[in-house]
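Everything on this sheet refers to the single structure shown next.
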Amino acid sequence: MNSIVNDFSITIGTKNGSGSSTANNTILRAIFRMGIPVSGKNLFPSNIQGLPTWYTIRVNKDGFVARKEQNDIVIAANPDSFARDMASVVPGGAFLYADDIKQAVNRQDIVSYPMPIKSIVREDPSVPADFRDLVGNMVYVGILAQLIGIDLEKIASALTFHFKGKQKPIDMNFNAVRAGAQWARTIEKKDPYHLESMDKTEGLIMADGNTAAAKRSIFGGIQFAAWYPITPASSLAEALNDFLPQLRGRADGKHTYAVVQAEDELAALGMAVGAGWAGLRAMTSTSGPGLSLMTEFAGLAYYTETPVVIWNVQRIGPSTGLPTRTSQGDLTFTHFIGHGDSHSIILLPGDINECYEFGWRAFDIAERVQTPVFVLSDLDIGMNQWMSKPFPHPNAPMDRGKLLTEKDLEQIKSNWGRYLDRDGDGIPYRTIPGNKHPASAYFTRGSGHDEYARYTEDSNVYLKNMERLRRKHYHAKKYMPKPVRHSAKDASVGVIGYGSTEAAILEARHILAQEVGIHSDFLRIRALPFTEDVDTFLEQFDQIFIIEMNRDGQMDQILKTEYPQHAAKFRSVAYQDGLPASAKWIREGILEKFEKRKEDGSSNKRRAAARGERTSPRKSSRAATVKARGKSGTSKRK
Amino acid sequence: MNSIVNDFSITIGTKNGSGSSTANNTILRAIFRMGIPVSGKNLFPSNIQGLPTWYTIRVNKDGFVARKEQNDIVIAANPDSFARDMASVVPGGAFLYADDIKQAVNRQDIVSYPMPIKSIVREDPSVPADFRDLVGNMVYVGILAQLIGIDLEKIASALTFHFKGKQKPIDMNFNAVRAGAQWARTIEKKDPYHLESMDKTEGLIMADGNTAAAKRSIFGGIQFAAWYPITPASSLAEALNDFLPQLRGRADGKHTYAVVQAEDELAALGMAVGAGWAGLRAMTSTSGPGLSLMTEFAGLAYYTETPVVIWNVQRIGPSTGLPTRTSQGDLTFTHFIGHGDSHSIILLPGDINECYEFGWRAFDIAERVQTPVFVLSDLDIGMNQWMSKPFPHPNAPMDRGKLLTEKDLEQIKSNWGRYLDRDGDGIPYRTIPGNKHPASAYFTRGSGHDEYARYTEDSNVYLKNMERLRRKHYHAKKYMPKPVRHSAKDASVGVIGYGSTEAAILEARHILAQEVGIHSDFLRIRALPFTEDVDTFLEQFDQIFIIEMNRDGQMDQILKTEYPQHAAKFRSVAYQDGLPASAKWIREGILEKFEKRKEDGSSNKRRAAARGERTSPRKSSRAATVKARGKSGTSKRK
Amino acid sequence: MTETLPMAGASAPVNLAGLTKNDYRGAPSTLCQGCGHNSISNQIISALFEMNVAPEDVMKFSGIGCSSKSPTYFLNRTFGFNSLHGRMPSIATGALFANAHMKGIGVSGDGDTASIGMGQFKHVMRRNANLVYIIENNGVYGLTKGQFSATAEKGLHLKKQGENPYMPVDICLEALVSNATFVARSFAGNPKQVKELLKASLAHEGIAVLDIISPCVTFNNQENAFHSYAWGKDHEEPLHEISYIAPRNEIILEREMEEGEIREVALHDGSFVVLKNLEKGYDPANRFEALRIMEEAQRNNWLITGLIYVDTSKPTLTTVYNLVEGPLNQLTEADLRPAYSMMDKVNALMF
Amino acid sequence: MTETLPMAGASAPVNLAGLTKNDYRGAPSTLCQGCGHNSISNQIISALFEMNVAPEDVMKFSGIGCSSKSPTYFLNRTFGFNSLHGRMPSIATGALFANAHMKGIGVSGDGDTASIGMGQFKHVMRRNANLVYIIENNGVYGLTKGQFSATAEKGLHLKKQGENPYMPVDICLEALVSNATFVARSFAGNPKQVKELLKASLAHEGIAVLDIISPCVTFNNQENAFHSYAWGKDHEEPLHEISYIAPRNEIILEREMEEGEIREVALHDGSFVVLKNLEKGYDPANRFEALRIMEEAQRNNWLITGLIYVDTSKPTLTTVYNLVEGPLNQLTEADLRPAYSMMDKVNALMF
Ligand SMILES: Cc1ncc(C[n+]2csc(CCOP(=O)(O)OP(=O)(O)O)c2C)c(N)n1
Ligand SMILES: Cc1ncc(C[n+]2csc(CCOP(=O)(O)OP(=O)(O)O)c2C)c(N)n1
Ligand code: SF4
Ligand code: SF4
Ligand SMILES: [Mg+2]
Ligand SMILES: [Mg+2]
């Protein structure tokens, strides 16, 4: 039997509400403390208690920690998903199951370990009867630890962190871990999976994106948040409630901020817009359905040029969809949100460090550009545990943008109007309530207004103002975070991605290079409007694969509208089933659309395609593709 | 002095709330009855009383009745807009003004006629003092009639129509007209404008789009409408209230329909979705801000596959914008409405006849495809008077789509599920409440569901269902109204447009052909998803101008995402200032982007552009265009 | 629906509609064990069974929340629509126009109704749609894990949320001032009263509001599970994930409440609600009396239970709209499309 | 603001804030001549002038409607936000956090508040934001040309709309049951009472609801202009465009109403409202009494005017949030960004 070291996945099937998350987190953290790159993802139902739930851990020595579609080791603690869990083990994999589940184990191609969890727990008299199920989860932690070699000391340190040093729960849980390990020593190991300590996580931390975003918002000087509960965004606002007192506590016990739970999302954004208008650094956080409800206010903020930050932790739509599954499906909607012409500033964090970073930058951009800034995170980043470098302190002072005090206004007042473009960049100057200068007040409205914020229905004034908004959006580019580029030697194709898919894309590129010799440069876009690096990248390749987790290829759609001259080169690789991105579908998607060509013949074809000539075989095949899209699309994959 | 016959514009400036619309409509109708092609457009403020308002009439013997930007004849009855009105007269034009406005007439290049309206009215003792202002409006009708030759008999017939034959108001108004005409006989005519009867309006009717839509909805079998007041959509629902009793009255006095004024737009669409789900032909009507509020429900209807019709009579956004000005600015928003992947069916009526037609077709499509159908009309079509052929009776029976009765279900029940794709076209079969078959009931939800409408979070089921929805959208093409094509001999370029701009585009094409020899084929798109005629058209031309009334070139954006292979050929001509389309900006927009080229050199350039080569001058100039968009855009025009 | 129904025993009693109780059931519940919402579903099943209502003559509706999931758990043979958060009333209003002979049963939560749904809730009252509107009221958002809803009392303290700073919404009082024609309150732990009020509300024509206090065994508790048991004292920090739900039983009154009785009921977290049954002789037809006792109850922190107000004189929504006799959704082209000849009339109306 | 202010006469009286009345004015009104809303704007100007409030210490807010336009017509020197239809409360709530020392004045219409805005209206009551919330109540949608609003009485008949089939919303009763801390009603035609109530509401800390009946001279009338005059009888069909607005004067009470007095006031359309001033000795601190008289008034079709309820004991929203002394929107980076050293604390919180 080959030994497989530091390169496998573990999936644990339990019931939700059964307390397994402490156990699963403990496994994850212990492996992390062993210095091995690891990730953990919670695949949970939209329900409170009793339905199947899974936790999947990816261990990878090379740092590829995207979700793996195959399960190497499966722990089955839930009778309701037992059959399915067993079926999901790879041939040759390991299957650990609670032996009180009396269901047939009918696979010969895997290694099975029945675990006497119940009886082990019952042997410990210190565990109250009510808590046996809960503690039982720790037994499988111990068994797994023994089998694959998780350091028990690291488990102890994970528990100490989790229970914040309270000895009693630490002991009770650790006893169960030890008892499990103890038992496992009595059985024979027949699977190939082993862990060995490394030093690859040194100096890193682990956290989820929502908490990171909340913390960074606090460092970004947040003053006001209004929110309405919705999965997977709630924990962002709840983390604000948690950490604001700790990080912004004052000697006089007074608050420099307010977090308001609104009656719904319309009110949540309404309050945030009111606060942003009045000069507070204001935000709201929500997910898909909430964003749909914010549409009208988003348009108001755009047109009145009110700074406000809107976090959308994406879940899968349309409509209620799968509320506890991840997605990148709100991009085009956010881009075009609101009736009338508009275009949004969108930030696209790719990991928890960027959640942290954008938690700060978003306020600066919103105030600098005077417009709503949407941050599109997703459930995978927001709610799962990710490795990261420690969070740095902001490396620049707060940028409040063109905000006029009484004194500033006194200097320029002869030439000030709320919507007057003094600098040619489309961005006007603003004043805020409380400014006592007699010229400072103005009346904001979502209806037509002139440069001095006065009501008007004049066609030319309307037109000029809208053109200025376009100009402003164009100039906003310079405040956008630049894309991240991963280059390869001899890259022949380009790959574009964004958000939480980075890890999976990196892995897929690695595989494609090794397996079939496709070398690619990878550009991870971090914001709309696109910066010039995107232009440059697009010009450099003949085939550009645009990877995203949605059905319609939304980034591809937007790139086509912005870069029609490159449109013919784009290959959309879009796929979404609610689960975090894996290298598998990306690899397959790219292979499916990759065109190997001799330089000459192919460019002829491309020319014909661009010309739209009737006779060109390439062209008609492309037309056929477009037509067939409704039929086949990406559903073949996986 | 040259005589100008049947080819000029008349603009009347009054105060709103002063009752001038009866007078202005009377002019319009009388000219129409003289057999001369004519149109009338109301340019009114978002206000009830006292602000300047204009009515602009275009008379054109060749049938070009788009708004003309120049004013040939101006009638000034409002002191507040007097100066502006005077300034707007073309050199050589006629300026009629109420002589009680004591403001200087300082233009020598126009013909001025002071009108003694007040004194003429006072001379008629039968007019009650309170009504002198109102009746005064009829005096300018009479003066104008005399000056340009409107047949008084036709005026009488217009008044008879307007007052539905009630003699007293007819007489009082007609007396004023006659008195005006009488007076005008005493002055010398110095302007060139004349009307002469024709036979070009024979058999035509005049109406506004909202009324047409309401009537056709009635012939479409409407059973339920819920709405919330908003300009310019209110008159659609109000017309339903008006005409339903007349057209669907029953002997027993009972109603086969219900029209509910909801508490807001969320509730309006919610009720319509509920009704559509329960098997009624249901609709709502709104404008921009209301559509924004309907976002979440639109997504629900899409994902639950509920038939419902949503009329959006567009006004200018973003946000409250200019509530009484027209626009085509809601296209991309509607296309991408709702979080998550979705794509809407959109109908684009181009005139009142199509408002009428789509009033019926929209229900058929909604029920056939089981999805929300958006009809994007606009203020210009909806609220202004347009000439049209008489409305025909629907030429096909009502299509209720795949709707199962108890009997149908009995036959197929073993193989029925609410979301089961039995036919391969993605469109499932549905049952409705009241169906007593025990297998008929199902529980609709906006969350994940399987083919039998059961709750599920299964990734593959989710994926399959979303792919089916894409397939369904693709198959919906065959139920879409085909585009209308206007061909020209030797057309070298293509022009694409939609909605209310048709008249202006036809005129611009005519001018371009005559003036500079640019001959074009014109495709007016009437629906999304695009039908194959669009594919064909795009393949036929090298340069395609996409004309629309919005800032961002929204149809151009969508065409680029759908036809990336043709994207490099598109030239966006987008312009919007709230006023109905004119041939002027279309002509200028096309000329600005038109590239005259020798066939060979140019196609080389295009090839290079498509390839995105660094060296290509064409390419870099295009890139520069994209970048500069923020700066210049279309604002130069006009 | 291919959902398999629980097996009907051979000898199960059959009601006047020819159906057994099983014919009124739904899919198995996925709510927490002990959740009050489950008990309400059971009473809906019993009430309809006992009233011999054909399941096909009902439509069921809900918004979003644990409570709003429950229509899945009763009446499998009934069309239903699980709609959007806070928007059940509009969906129900529209759907009920399709067939004025069918009754609507809507289930909503306190967050669904009193927070996001306040507007639609108030307006469906004014319209008097023919709908039994049940609010499964637990003072929290269950499905999103325990935030305050608008009915949470001021000062309530919840882990992770802190103290509720706002005045609560009193759903019955709201219904009353919005001219609802039937207003009642009950407690999920009092199944007999729940059933009786359900029957009365089903018999009522027009909007019937049933505010049922239905404790959330999982989230509306001061401390989370870890705290209330053996090791609690040593472990004072909140756990950031409420991932373990200790098994709890539903709170059921041991003994029926008498008329006029006031009783304190302990909830899982150790806090109390004070229920007060309406007095004997209380006249639910008197709106003024209803306002008076609600005000009195608020001052005393009582939850009045029973039928608080009823007005049978007002026409239902569909009556007001004077619809044809048969169901609107059964009409055919002949009824719906004006005759050919009408075209001339239409064109004549035009200039 | 470069908007020119009406000229202040050389000898105009100056108040304690050192300002003349002109300093409180806004742009010229574009509402219909005789619209009640204009008279309310004037009273706002007077009340603030007489109370010596600095215009800079106020923020003004509105939704969408004729009423919501009116903040343009007063307080040019004050920041204001004309927001979205029905959403004034949320904008005001957020903005008022910026500076707890400033007072909010919100103007809304009955459609804006009681139709689309019902939810936000009710929830801002619960929160007790420091806002004078004025509803210019005319029972119709003025700006969209005369449809029923939610406060239109059942049975009201309007041209083009037919008969209103729904029960009206009573704004004061709604405010009361939502625990508003100041509830009053007046009539635009009674400027003195309007001004006195405005002053009281400005002095109140917390939410103050002022429901002011403000007749729409243009649309809330049975017949349109053509009908009521000379040729009316001969002309029975509705005109499809209400394009002519006959000049009308605002309805102004000739004489102040006495306490307890009941008076019928004819509106433009010939219909009547019945106003009833609160009795002498009425105690507005008694919530029960308030409910009682509102119920009585509803039964009698009276519109109670005066200060119906006030509670000065409840903290305002910003007080509850325990904000720092100075305005929040004047804080600087030093106050808002945790120190460098805090970073370690943050990272330490992570695993
Ligand atoms: C528009 C929207 N916002 C937020 C949510 C998230 N959400 C789901 S259920 C729920 C609250 C449910 O509370 P309640 O109605 O009291 O029902 P319970 O779960 O307590 O029975 C929320 C906020 C959503 N689904 N849709
Ligand atoms: C979302 C939205 N829906 C509809 C409208 C159209 N609208 C403008 S004002 C108004 C009603 C105003 O009525 P009310 O609040 O009573 O004010 P009034 O004009 O009577 O003073 C409506 C429906 C809008 N602006 N926004
Ligand atoms: S979380 Fe609360 S409301 Fe939801 S099912 Fe569990 S007990 Fe019921
Ligand atoms: S329409 Fe009515 S509410 Fe609007 S300004 Fe005129 S009178 Fe006032
Ligand atoms: Mg609840
Ligand atoms: Mg009103």
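Small disclaimer: the values here were computed from a predicted structure and weren't measured. Protein chains get the first letters and strands the later ones, always in sequence-line order, with residue 1 at the start of each.
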Determine whether I558(B) and T561(A) satisfy the following criterion, side chain to side chain contact (heavy atoms under 4.5 Å, CB included), listing intermediate values before the conclusion. CA-CA 7 Å; I558(B) 296 173; T561(A) 65; over 6 Å; no
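- With S459(A) contributing its side chain and D577(B) its backbone, the two residues share a donor-acceptor pair below 3.5 Å.
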Assess whether side chain to side chain contact (heavy atoms under 4.5 Å, CB included) is satisfied between T324(B) and E457(A), documenting all intermediate values. CA-CA 9 Å; T324(B) 57; E457(A) 297 178 358; 4.2 Å; yes
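- At a 4.5 Å heavy-atom cutoff, F530(A) makes no contact with chain B through either its backbone or its side chain.
- Screening K569(B), K560(B), Q557(B) for a side-chain contact (heavy atoms from CB on, under 4.5 Å) involving P564(A) leaves a single residue, K560(B).
- Both the backbone and the side chain of L469(B) have a heavy atom closer than 4.5 Å to some heavy atom of chain A.
- Ranked by heavy-atom pairs shorter than 4.5 Å toward chain A, the options L291(B), L43(B), L51(B), I316(B) are led by I316(B).
- Interface remark: of the candidates G340(B), P318(B), G329(B), P45(B), P318(B) forms the most heavy-atom pairs closer than 4.5 Å to chain A.
- For chain A, the option among G578(B), G338(B), S327(B), G317(B) with the highest count of heavy-atom pairs below 4.5 Å is G338(B).
- When each of T334(A), L559(A), T332(A) is checked for heavy-atom pairs under 4.5 Å with chain B, T332(A) comes out on top.
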Can you list the steps and then say if Q554(A) with D341(B) is a side chain to side chain contact (heavy atoms under 4.5 Å, CB included)? CA-CA 8 Å; Q554(A) 302 188 0; D341(B) 292 293; 2.8 Å; yes
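- Comparing H449(B), R445(B), H473(B), H343(B) by heavy-atom pairs within less than 4.5 Å of chain A, the highest count is held by H343(B).
- Remark: the backbone N or O of D552(A) is not paired with any side-chain donor or acceptor of R470(B) at under 3.5 angstrom.
- Between chain A and the residues N312(B), D330(B), T304(B), L266(B), the most heavy-atom pairs under 4.5 angstrom are made by D330(B).
- A distance-only check finds no donor-acceptor pair linking the side chain of E296(B) to the backbone of G290(A) [under 3.5 Å].
- Residue L300(A) touches chain B through both its backbone and its side chain, counting heavy-atom pairs closer than 4.5 Å.
- Close placement of the F336(A) and F336(B) rings is indicated, their centers lying within 6.0 Å of each other.
- No side-chain donor-acceptor contact under 3.5 Å links S292(A) to the backbone of T295(B).
- A donor-acceptor pair under 3.5 Å links the side-chain atoms of H339(A) to the main chain of S319(B), judged by distance alone.
- Using a 4.5 Å cut-off between heavy atoms, T456(A) touches chain B through its backbone atoms (N, CA, C, O) alone.
- Top candidate by heavy-atom pairs under 4.5 Å with chain A, chosen from A298(B), A301(B), S342(B), is S342(B).
- The two residues Q576(A) and L463(B) have their closest heavy-atom pair at O-CD1, 2.9 Å.
- Y455(B) approaches S46(A) most closely through the heavy-atom pair OH-CB, 3.7 Å.
- Using modelled atom types, one side-chain atom of R551(B) and one backbone atom of M466(A) make a donor-acceptor pair closer than 3.5 Å.
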